[in-house]
Amino acid sequence: MANIIDGKKISQEIKDELKAEVASLAEQGKKCALAVIQVGNDPASSVYVGNKKKACAYIGIQSVSYELPEETSEEELLDLIERLNQDAKVHGILCQLPLPKHIDEDRVIQAISPKKDVDGFHPQNVGALVIGQPGFVSCTPAGIIQLLKRNKIAIAGKHCVVIGRSNIVGKPMALLMLRENATVTVCHSRTQNLKEICREADILIVAIGKPRYIGADYVKEGAVVIDVGIHRNESNKLCGDVAYDEVEPKASYITPVPGGVGPMTIAMLMHNCVEAMKRES
Ligand code: NAD
């Protein structure tokens with residue numbers, strides 16, 4: 001039987017730590033603000049944006065909303081970002097993705113000042129991660145490191161297999177595990193012998209984006225299994241990329257879906273906002 005990694009509890013711990021820190025910074029007259037931009041009204045994006053604003057309110061970060069219509073031009077969005085870059089009262093800028101098709105996401109990501117890039121997507125922050133310098137790290141992989149550390153799971157010297165090479169999850173995850181001195185293997189859609197490679201993993205991090213793809217035959221006895229995937233199954237219940245019921249008996253630690261990796265993303269976004277303010281003041 002595996003130990004269940006409780007992302008809900010750990011994310012709450014982090015939010016409470018941040019709340020106390022924000023309160024003590026407020027006593028010194030320092031206030032933290034996050035600009036939240038949403039273009040169009042994609043229902044899933046509205047839920048994510050709502051949850052981010054709720055977390056800000058809980059911690060004591062001011063969230064300033066910019067709800068722009070679907071037909072907003074790229075130039076209008078870039079102008080707004082430039083104004084927010086210049087605004088000393090705004091510490092973090094979050095532009096909810098995906099953006100409408102007529103807007104170039106890469107241009108938008110690159111327009112956000114790296115100092116206010118709390119999502120950690122700007123090439124300067126990605127570069128900082130590659131060469132081990134301080135910067136903002138993508139929230140989901142940063143949250144996974146917290147899950148491992150706060151459960152006292154050893155990383156140094158372990159073989160970590162990351163499945164997925166997206167810019168948001170797989171690649172930064174691999175770099176963070178390397179920074180923690182793991183031996184890292186990255187697998188992707190062209191990997192041959194995926195099952196055999198996964199079976200070598202002491203820590204298996206799955207961000208493949210396919211429901212219940214990773215069964216027990218991909219997992220070594222006693223491995224730590226981190227499931228990044230989020231899907232809804234036929235009966236509208238949430239499930240991950242890992243076949244939890246099959247894998248759990250083999251693993252030493254495992255994240256459930258929901259309640260594992262998911263809640264950590266917003267907690268780390270809040271962490272990055274507070275960090276952005278501390279670096280600026
Ligand atoms: P993505 O689709 O961008 O990347 C999936 C990766 O899996 C790709 O790099 C691809 O090469 C690899 N892949 C696809 N098929 C494969 C196969 N058969 N064998 C090996 N590798 C294969 O997805 P993403 O944005 O990295 O997200 C991955 C999952 O995590 C999704 O389910 C997404 O919903 C979820 N997600 C969750 C959070 C969270 O907060 N919990 C955040 C981001 C993403």
Side-chain angles (χ1 to χ4, degrees), residues 4-12 14-15 42-45 47-52 54-55 94-99 105-106 109 118-121 126 129 136-148 160-177 184-201 204-215 217-219 225-233 236-244 247 254-272:
I4 312 300
I5 298 178
D6 189 344
K8 229 171 141 184
K9 177 166 152 264
I10 294 174
S11 69
Q12 189 60 46
I14 293 173
K15 284 192 279 183
D42 170 62
S45 290
V47 172
Y48 293 137
V49 162
N51 288 340
K52 289 169 187 175
K54 229 192 276 172
L94 182 150
C95 187
Q96 185 64 43
L97 303 179
L99 289 166
E105 277 184 7
D106 285 338
I109 289 169
V118 285
D119 266 330
F121 295 164
V126 177
L129 175 61
F136 293 111
V137 177
S138 182
C139 299
T140 303
I144 291 170
I145 296 290
Q146 287 300 313
L147 288 179
L148 295 171
C160 174
V161 173
V162 178
I163 316 179
R165 57 173 164 184
S166 69
N167 289 340
I168 291 173
V169 185
K171 281 184 202 150
M173 189 72 247
L175 289 163
L176 283 173
M177 292 303 276
V184 181
T185 303
V186 182
C187 298
H188 48 78
S189 50
R190 302 285 191 89
T191 296
Q192 293 174 359
N193 307 327
L194 181 67
K195 205 177 276 186
E196 287 71 20
I197 297 168
C198 289
R199 273 201 228 123
E200 298 281 311
L204 180 62
I205 302 180
V206 188
I208 191 171
K210 295 183 193 297
R212 291 177 57 84
Y213 193 88
I214 299 300
D217 48 346
Y218 285 76
V219 177
V225 180
I226 306 291
D227 187 355
V228 187
I230 314 177
H231 313 275
R232 281 203 184 270
N233 67 13
N236 207 31
K237 278 181 90 178
L238 288 174
C239 71
D241 290 349
V242 173
Y244 183 88
V247 170
I254 190 166
T255 56
V257 178
V261 172
M264 296 302 291
T265 302
I266 291 187
M268 297 317 289
L269 175 71
M270 298 296 111
H271 164 86
N272 282 352

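Each ligand, and each atom within it, is numbered from 1 in the order the structure gives.
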Legend entry - With sequence neighbours excluded, residues passing side-chain contact (heavy atoms from CB on, under 4.5 Å) with L175: L129, V130
Inset, instruction - Please could you name the atoms of ligand 1 that G209 approaches to less than 4.0 Å, counting only its heavy atoms? - result: 28 (C), 29 (C), 31 (C), 32 (O)
Inset, instruction - State, yes or no, whether a side-chain contact exists between V219 and V242 at a heavy-atom distance under 4.5 Å. - result: no
Legend entry - Closest protein heavy atom (residue, atom, distance) for atom 43 (C) of ligand 1: V169 CG2, 3.7 Å
Inset, instruction - Mark yes or no for whether T191, through its side chain, and L194, through its backbone, hold a donor-acceptor pair below 3.5 Å. - result: no
Inset, instruction - Have a look at ligand 1 and work out which part of K210, if any, has a heavy atom under 4.0 Å from it: side chain, backbone, both or neither. - result: side chain
Legend entry - Backbone of V228 reached by a side-chain donor or acceptor of D241 within 3.5 Å: no
Inset, instruction - For the pair T255 (side chain) and D227 (backbone), establish whether a donor and an acceptor sit closer than 3.5 Å, ignoring hydrogens and angles. - result: yes
Inset, instruction - With heavy atoms under 4.0 Å as the rule, classify the contact between H231 and ligand 1 as side chain, backbone, both or neither. - result: side chain
Inset, instruction - Answer side chain, backbone, both or neither: which part of T265 comes under 4.0 Å from ligand 1, heavy atoms only. - result: side chain
Inset, instruction - From atom 6 (C) of ligand 1, work out which of G143, A207, G170 has a heavy atom at the shortest distance. - result: A207
Legend entry - Pairs involving residues 260-269, ordered by first then second residue, that meet side-chain hydrogen bond (donor to acceptor under 3.5 Å, both in side chains) (sequence neighbours left out): T140-T265
Inset, instruction - Name the closest protein heavy atom to atom 35 (C) of ligand 1, giving the residue it belongs to and the distance to 0.1 Å. - result: V228 O, 3.4 Å
Legend entry - Closest protein heavy atom (residue, atom, distance) for atom 8 (C) of ligand 1: R165 N, 4.0 Å
Legend entry - Side chain, backbone, both or neither: I168 near ligand 1, heavy atoms under 4.0 Å: neither
Legend entry - Residue and atom name of the nearest protein heavy atom (relative to atom 20 (C) of ligand 1), distance in Å to one decimal: H188 O, 3.0 Å
Legend entry - Heavy atom of the protein closest to atom 11 (O) of ligand 1 (residue, atom name, distance): S189 N, 3.0 Å
Legend entry - G262: numbered ligand 1 atoms lying under 4.0 Å from its heavy atoms: 41 (N)
Inset, instruction - For the pair M177 and I205, evaluate side chain to side chain contact (heavy atoms under 4.5 Å, CB included) and give the outcome as yes or no after the intermediate values. - result: CA-CA 10 Å; M177 292 303 276; I205 302 180; 4.2 Å; yes
Legend entry - Distance filter under 4.0 Å to L194 heavy atoms, resulting ligand 1 atoms: 19 (N), 20 (C)
Legend entry - Atoms of ligand 1, numbered as shown, that sit under 4.0 Å from any heavy atom of I163: 20 (C), 21 (N)
Legend entry - atom 42 (C) of ligand 1 - nearest protein heavy atom and its distance: T140 OG1, 3.3 Å
Legend entry - Flag side-chain contact, heavy atom, 4.5 Å: I145 against M173: yes
Legend entry - Heavy-atom protein contact below 4.0 Å for atom 40 (O) of ligand 1: yes
Inset, instruction - If you have a sec, work out which protein heavy atom is nearest atom 4 (O) of ligand 1 and how many Å separate them, to one decimal? - result: S166 CB, 3.9 Å
Inset, instruction - Decide side chain to side chain contact (heavy atoms under 4.5 Å, CB included) for I168 and F121; before the verdict, give the C-alpha distance in whole Å, the side-chain angles of both, and the deciding distance to 0.1 Å. - result: CA-CA 7 Å; I168 291 173; F121 295 164; 3.9 Å; yes
Inset, instruction - Output, in order, the C-alpha distance, side-chain angles, deciding distance and verdict of side chain to side chain contact (heavy atoms under 4.5 Å, CB included) for I226 and L148. - result: CA-CA 9 Å; I226 306 291; L148 295 171; 3.9 Å; yes
Inset, instruction - Can you sort out which atoms of ligand 1 are near G229, meaning under 4.0 Å from one of its heavy atoms? - result: 29 (C), 30 (O), 32 (O), 35 (C)
Inset, instruction - Tell me which protein heavy atom sits closest to atom 34 (O) of ligand 1, plus the residue, atom name and distance to 0.1 Å. - result: I230 O, 3.8 Å
Legend entry - For ligand 1, the portion of T191 having any non-hydrogen atom under 4.0 Å away: neither
Legend entry - Atom indices of ligand 1, in the order listed, that fall short of 4.0 Å to a heavy atom of Y213: 18 (N)
Legend entry - Region of I208 that comes within reach of ligand 1 [heavy atoms, distance under 4.0 Å]: both
Legend entry - Other residues, nucleotides, ligands: >12 heavy atoms within 6.0 Å of E196 CD: yes
Inset, instruction - Kindly indicate whether the side chain of K52, heavy atoms from C-beta on, has any atom under 4.5 Å from the side chain of Q96. - result: yes
Legend entry - Side-chain touch V137/M268, heavy atoms, less than 4.5 angstrom: no
Inset, instruction - Show your working on side chain to side chain contact (heavy atoms under 4.5 Å, CB included) between K9 and Q12 and close with a plain yes or no. - result: CA-CA 5 Å; K9 177 166 152 264; Q12 189 60 46; 5.7 Å; no
Inset, instruction - Could you tell me which atoms of ligand 1, counted from 1 in the order shown, lie closer than 4.0 angstrom to a heavy atom of V261? - result: 41 (N)
